[in-house]
**Student:** 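If you scroll down you'll find the structure; I have some questions about it.
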Protein chains: 2
Amino acid sequence: MLTVTSVNVNGLRAAARKGYLPWLAGSAADAVCLQEVRAEEDQLPDEVRAPAGWHAVYAPAAARGRAGVALLTRQEPEAVRVGFGEPEFESSGRYLEADLPGVTLASLYLPSGQAGTPKQDEKERFMAAFLPYLTALRHRAAAAGREVLICGDWNIAHQEADLRNWRANRTSSGFLPEERAWLTRVLAPACGYADVVRGLHPDQDGPYTWWSYRGRAFDNDTGWRIDYHIATPGLAARALKAEVERAPSHPERWSDHAPVTVTYAPAI
Amino acid sequence: MLTVTSVNVNGLRAAARKGYLPWLAGSAADAVCLQEVRAEEDQLPDEVRAPAGWHAVYAPAAARGRAGVALLTRQEPEAVRVGFGEPEFESSGRYLEADLPGVTLASLYLPSGQAGTPKQDEKERFMAAFLPYLTALRHRAAAAGREVLICGDWNIAHQEADLRNWRANRTSSGFLPEERAWLTRVLAPACGYADVVRGLHPDQDGPYTWWSYRGRAFDNDTGWRIDYHIATPGLAARALKAEVERAPSHPERWSDHAPVTVTYAPAI
DNA sequence: CCTACTAAG
DNA sequence: CTTATTAGG
């Protein structure tokens, strides 16, 4: 059995002040993918950086306090790689992968954009470079007998069911037609991945994974599903159960994103 | 009777979040001199900017979020003037004066320095320009039949009794020999002012008016007396009572400085 | 609204 | 340690 959680922590130091460690202590996951760590390892207290019982690897951004991804695993990874080969994003704290027995697991924090601004151009450059990497990764992993699981904040809601107000957001970054089409390509046979949580829950709205801190988005459940488990079909077929931990209210809420946990059956 | 309070609020917006307004509502002062407002008037909610029953005038710094002095008076001032004529400091949010019946009242926030740095040079330029202004102000006010009261954060402890650790601070900005000598000149006959609170309490340590937020300065009473009522002798002679409101503990403490209140008897 | 940064105190 | 700023989300 393999249980993997993905969560954008929106600043690991802030999350640690608000309840991240008790949450982690109660986790039954074998691996946790973190995004928006927003800290260097030496800015983190030891018990946050590498909690007892976990192996931790970090890929911080060159810009202090920005982005940053990490992987926590109960077993030490066989190999760890930072970045996906595109020079612009090698030190951007957005991609980290590790080889675990039978699975290459990645933590991804795709750039957020803003329509009509250079931020959107950067997001689209990332997407353009990342898609061929995903294809290559699938082939490489298959040759090594591994499945692939890319967990993280993809910053795109795929379909109308993936956000509360899809009509109002057709021109918002995160639900632009070109972004949705790109995610469709990731999930098409040529690239060859599957949206694990949607596969388990094909007919429901959401489950949303992010609610803006602005306004009353969380209380009104005005959310977006932008955090995904994106897996090769062989692994996706083994998904038994998915859970999005929408915290009930503020004291328990230590990020604007909710942890997304999937349990995968062992390979036969 | 004239009761005047001086207090460095260390950010009026933060102070308002922590209890400034209830404190003001309980005040029996006729005038309150504020320093380190650190906001423009349009950044303040109405009830903070001009609380009911008060006339408020502000002199913000040109640099957003820095310095800024204000005067609250129960009666509308006869005249209000910003700055003291030195171009470098006209828009620095450090000096504001108002004519009240029989008294010119000023709110002063003298720059803080750091020994051996350009900040100290700036502080000393301010001091050099302000001393002749004080002399001129006294003469001008006398000719108009007014006393003068300069309240505020002078950022200088005058004597050994005015700070807890005077020996350790002989090379610290705020207790440098040249700063102490400058304050002595303000209080000498040629300039002609009096230190009202020291006049009422000649033989005690302090009363301190500021405790650093760093370390346990407040709990240990490691304070400095740097907030003063500096008055012309005729007004100083009318001082009946001085109080420094050292808040007992954190929930009641809405600034790192304590309000300094003096009640002056009516002119005969 | 929230988390970082940096400057200032 | 605390207040602001700014950029980013």
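Predicted, not measured: the structure shown is a model, and the values here were computed from it. Numbers restart at 1 for each chain; the letters A, B, ... are given by sequence-line order, proteins then strands.
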**Student:** Whole angstroms only, please: what is the CG-P distance between A/Asp153 and C/dT3?
**Tutor:** 17 Å
**Student:** Please determine whether a side-chain nitrogen or oxygen atom of A/Ser212 lies at a distance below 4.0 Å from atom OP1 or OP2 of C/dC1.
**Tutor:** no
**Student:** Strictly under 6.0 Å, is that where the ring centroids of B/Tyr109 and B/Tyr95 end up?
**Tutor:** no
**Student:** C/dA8 pairs with which nucleotide, Watson-Crick or G-U wobble, both distances below 3.5 Å?
**Tutor:** D/dT2
**Student:** Pick from B/Trp182, B/Phe84, B/Trp154, B/Tyr133: which one makes a ring-ring contact (aromatic ring centres under 6.0 Å, His included) with B/Phe126?
**Tutor:** B/Phe84
**Student:** Which residue, A/Gly215 or A/Ala15, contacts DNA chain C at a nucleotide closer to its 5' end, judged by nearest heavy atom?
**Tutor:** A/Gly215
**Student:** Rounded to the nearest angstrom, tell me the gap between atom CZ in A/Arg94 and atom C1' in D/dG8.
**Tutor:** 10 Å
**Student:** When you look at B/Asn8 and B/Trp210, which way does the side chain to side chain donor-acceptor pair (under 3.5 Å) test go after all the steps?
**Tutor:** CA-CA 9 Å; B/Asn8 177 318; B/Trp210 172 78; over 6 Å; no
**Student:** Between atom CG of A/Leu131 and atom CZ of A/Arg185, what is the distance when rounded to the nearest 0.5 Å?
**Tutor:** 5.0 Å
**Student:** Measure up the B/Tyr20 and B/Trp254 rings against each other and bin them: parallel (under 30°), tilted (30 to 60°), perpendicular (over 60°).
**Tutor:** perpendicular
**Student:** Under the 3.5 Å rule, do the base of D/dT3 and the side chain of B/Arg38 count as making a donor-acceptor pair?
**Tutor:** yes
**Student:** Output the rounded distance in Å from OH (B/Tyr109) to P (D/dA4).
**Tutor:** 13 Å
**Student:** Tell me the interatomic distance from B/Glu36, atom CD, to C/dA8, atom C1', rounded to whole angstroms.
**Tutor:** 8 Å
**Student:** Is B/Arg66 near enough to C/dA8 that one of its side-chain N or O atoms lies under 4.0 angstrom from OP1 or OP2?
**Tutor:** yes
**Student:** Can you measure B/Asn10 atom CG to D/dT5 atom P for me and round it to whole angstrom units?
**Tutor:** 13 Å
**Student:** Base of C/dG9, side chain of B/Arg214 - is there a donor-acceptor contact under 3.5 Å?
**Tutor:** yes
**Student:** OP1, OP2 of D/dA4 versus side-chain N and O of B/Arg17: anything below 4.0 Å?
**Tutor:** yes
**Student:** Does D/dT5 have OP1 or OP2 sitting under 4.0 Å from an N or O in the side chain of B/Gln43?
**Tutor:** yes
**Student:** Picking from D/dT3, C/dA4, D/dT2, which would you name as closest to the side chain of A/Ala14?
**Tutor:** C/dA4
**Student:** C/dT3 P sits how many Å from A/Tyr20 OH, rounded?
**Tutor:** 16 Å
**Student:** If I take atom CD in residue A/Gln35 and atom C1' in nucleotide D/dG9, what distance separates them, rounded to the nearest angstrom?
**Tutor:** 14 Å
**Student:** Is C/dC1 paired to anything, Watson-Crick or G-U wobble with both distances less than 3.5 Å, and if yes, which nucleotide?
**Tutor:** D/dG9
**Student:** Using a cut-off of strictly less than 4.0 Å, decide whether B/Lys18 has a side-chain nitrogen or oxygen near OP1 or OP2 of D/dT2.
**Tutor:** no
**Student:** Choosing from C/dG9, C/dC5, C/dC1, which nucleotide comes nearest the side chain of A/Arg64?
**Tutor:** C/dC5
**Student:** Under 6.0 Å between ring centres: does that hold for A/Trp224 and A/Tyr208?
**Tutor:** no
**Student:** Starting at CG of B/Asp256 and ending at P of C/dG9, how long is that distance when rounded to a whole Å?
**Tutor:** 12 Å
**Student:** Look at B/Arg13 and D/dT5 and indicate whether a side-chain polar atom (N or O) is within less than 4.0 Å of OP1 or OP2.
**Tutor:** yes
**Student:** At under 4.0 Å between heavy atoms, what does A/Glu40 touch on the DNA or RNA strands: base, sugar-phosphate, or nothing?
**Tutor:** nothing
